[in-house]
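Values in this document were obtained by computation on a predicted structure and should not be read as measured data. Convention: sequence-line order gives letters A, B, ...; per-chain numbering from 1. When reading the values below, keep in mind they use all heavy atoms of this one structure, side chains included, and skip hydrogens, waters and symmetry mates.
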Number of protein chains: 2
Amino acid sequence: MTQRGNDSASGRRARGRTTLRQVAGRAGVSEITVSRVMRGSPLVAPALAGRVRRVAAELGYVPNRLAGTLAGHASTQIAVILPALSNIVFAEVLKGLETGLEARGYHPILGISNYDAEHEADLIRSLLGWQPAGLVIATAGLTPQSRAMLTDAALPIVEIMDSDIDPIDMSVGISHRGAGAAMARHLVARGYRDIAFIGHDLSRDHRARARFAGLRAGLGRAGRALAPARLRLCPSSVALGCDMTRQILARHRPQVICFANDDMAIGGVFACIGAGLAIPRDIAVTGFNRLDIGQAMPAPLTTIDTRRHEIGRLAARHLIARLEGDDPPSHSDVGFVVIPGATS
Amino acid sequence: MTQRGNDSASGRRARGRTTLRQVAGRAGVSEITVSRVMRGSPLVAPALAGRVRRVAAELGYVPNRLAGTLAGHASTQIAVILPALSNIVFAEVLKGLETGLEARGYHPILGISNYDAEHEADLIRSLLGWQPAGLVIATAGLTPQSRAMLTDAALPIVEIMDSDIDPIDMSVGISHRGAGAAMARHLVARGYRDIAFIGHDLSRDHRARARFAGLRAGLGRAGRALAPARLRLCPSSVALGCDMTRQILARHRPQVICFANDDMAIGGVFACIGAGLAIPRDIAVTGFNRLDIGQAMPAPLTTIDTRRHEIGRLAARHLIARLEGDDPPSHSDVGFVVIPGATS
DNA sequence: CTGTTAGCGCCTTCAC
DNA sequence: GTGAAGGCGCTAACAG
């Protein structure tokens, strides 16, 4: 007495949802025909297709993508792993990604690593379990284990944000070291000598660390020393930038303060204004990322545009290209842009 | 000559990935035993379980959640639909959500509606196809069709952000109308009379519209009229707030300018500073959301904290509670908080 | 053009 | 404790 079989129009539903079989039964055709109609196959007579579509709509049939993917081949889910979302930067990358994926019928499954490499490895494992068609990751520092899982998984992978890497498969980003160096050149060209650096916890954020290294090296090559960096072991924020700037200004006024990113720099600008300093007359300030707010300030922030929406867009595009059999470039540098602003 | 069957340790892999069968073959046990071990069933002898686990690890076996969900019952994917990500507000909600879900082994599948109700309906349809265990949505305005799909789907649903609704299943948010009214009371209490409003395209953002309505009604009840709103049909941004404020100031200086949100208000503050106005001495400014930047400004912004991380956290919690058979409240108002700031 | 058959990889139910 | 059979909902491959 198993209750399998053609319960057709009887109304029984697996897990409360209409199945292919029910639509087929009600329309008086076979399951495969319904399947073809739902996937827009041209192999079905238009009249029949119309009828099937009508029945499917009546029954509120929604194809089960789980079963479809298991039986067919390609999933349309894409695993996306980011280190954070508190910063608008990754939200914008994600926006670019989602737009690019959604437009082609793909859906992101999201994981946030919190800049924790171990957690990132767990995320990779669990998201791979969904058999995604591809994976996009802004790394928190791949563990050897993570790297092995990704290599073995044999699916298209785009490592985003940083182009100074040897990607497992593809990369889309900018050179963070190069961005630091570019900022150094900018400052050297303007003749600054007494240069300070304020940052957050760089031990977990390797891209910010690379920018810092690039900045220091760039200044060093030009014979300028960077004052010992002031770092605080917590996430970056406007308030932190403001607070640390006040501390520096309490004992000394450098010609320039470079901040790890725009959030911190905006806080720094507020602190300078609060201290009665005119920017850039009394002190110069630089950031990184080119947040809209920084550019809308009375004196637009000196910063570097990281073109993150473009990073998301391109990552989606290359991933899809690969999935469709094309051969996109394995390294894509979207190119950063130095924004002189009015604060240096 | 079909090549089905026990290819066991031979190394063939379905779709390039190790399967249960291979682990079973290599460990010399049946598939179901491996299945039990992987799911932590206590029905397997410890020694055997250990051996199976070792083999699974060696082979880099990652269970196929698609097959597992299809055969078993509950998916651990949660559909999440948001209207935007360009604004940090939704990124923070998403962060709260992801954290709450991930901690319990659930994963978000993301869709962005761009405040487009039709697109939202498409997203609902396609995400439901993945048979998610639940759905969290910050609505762009459910179409009747969307509403029908959600009702029929018979899965736990949390509508987030707004508590002034009659939820399909559960809601977590604040009263946007109430927030507007609260701001009105704040302004009335301070004796302001000449009050302007600057906003973005409210036709698509019904929550911003509700705040505006609440503000206007609140002022009306106190016998104060709101000057005709100035709206521009584009997304909100710092630059837009700045620009529109300049336009207003060019012809008239109201006592207060209320902005649709903090982004706009921050732009407004910049414009006021640029025009040489001291805040709040010459002009007052209010926003909405309590962005960190607004609070780090020399004069902290008058605004309303929408507790969005808490919204995400609670939404995840209630959804999971429902999935685990508990009975969470169907309405949760997390409560907004008026932040007086120093700009009014 | 339409249908039949045989699974996708796993889990439930029942035997052993 | 462990295993064998059958099926979740769908689709590829082949037959008609």
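Sorted by first then second residue, the side chain to side chain donor-acceptor pair (under 3.5 Å) pairs that include residues 140-150 of chain B, not counting sequence neighbours, are B:Arg125-B:Gln145, B:Thr143-B:Ser146. Judged as a side chain to side chain donor-acceptor pair (under 3.5 Å), the pairs with a partner in residues 77-87 of chain B (not counting sequence neighbours) are, in order, A:Gln77-B:Gln77. Sorted by first and then second residue, the salt bridge (Lys or Arg N to Asp or Glu O under 4.0 Å) pairs with a member in residues 42-63 of chain A read A:Arg26-A:Glu58; sequence neighbours excluded.
The B:Val44 side chain lies nearest to D:dT2 when the options are D:dT2, D:dC10, C:dC11. Each of C:dC8, D:dT2, C:dC11 was ranked by its minimum atom distance to the side chain of A:Leu70; first place goes to C:dC8.
In this structure a side-chain-to-backbone donor-acceptor pair under 3.5 Å is present from B:Thr18 to B:Leu59.
The CZ-C1' distance, from A:Arg21 to C:dG3, rounds to 14 Å in whole Å. Taking atom CD of A:Glu31 as the reference point, atom C1' of D:dA12 lies 14 Å away to the nearest angstrom. In this structure, B:Leu66 atom CG and D:dC10 atom P are separated by 13 Å, rounded to whole Å. Rounded to an integer number of Å, the gap from CG of B:Leu20 to P of D:dG3 is 12 Å. Separating the CG atom of A:Leu48 from the P atom of C:dG3 is a distance of 7 Å, rounded to the nearest angstrom. Distance, A:Gln131 CD to C:dC8 C1': 10 Å, rounded to whole Å. In this entry the distance linking CG of A:Asn64 with C1' of D:dG7 reads 14 Å, nearest Å. Look at CG on B:Leu43: it is 14 Å from P on C:dC11, rounded to the nearest Å.
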Write down the protein N/O and nucleotide N/O pairs, taken from nucleotides 12-16 of chain C, whose separation is under 3.5 Å; answer none if there are no such pairs.
residue : atom : partner : partner atom : Å
C:dT12  : OP2  : B:Arg39 : NH1          : 3.0

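Taken from CG in A:Asn64 to CD in B:Gln131, the straight-line distance is 3.5 Å, to the nearest 0.5 Å.
The side chain of B:Thr33 places an N or O atom within less than 4.0 Å of a non-bridging phosphate oxygen (OP1 or OP2) of D:dG3.
Here A:Thr139 pairs with nothing under the side chain to side chain donor-acceptor pair (under 3.5 Å) rule; sequence neighbours left out. Listed by chain and residue number, A:Val80, A:Glu98, A:Leu101, B:Leu110 satisfy the side-chain contact (heavy atoms from CB on, under 4.5 Å) test with A:Pro108 (two or more places apart in sequence, or in another chain).
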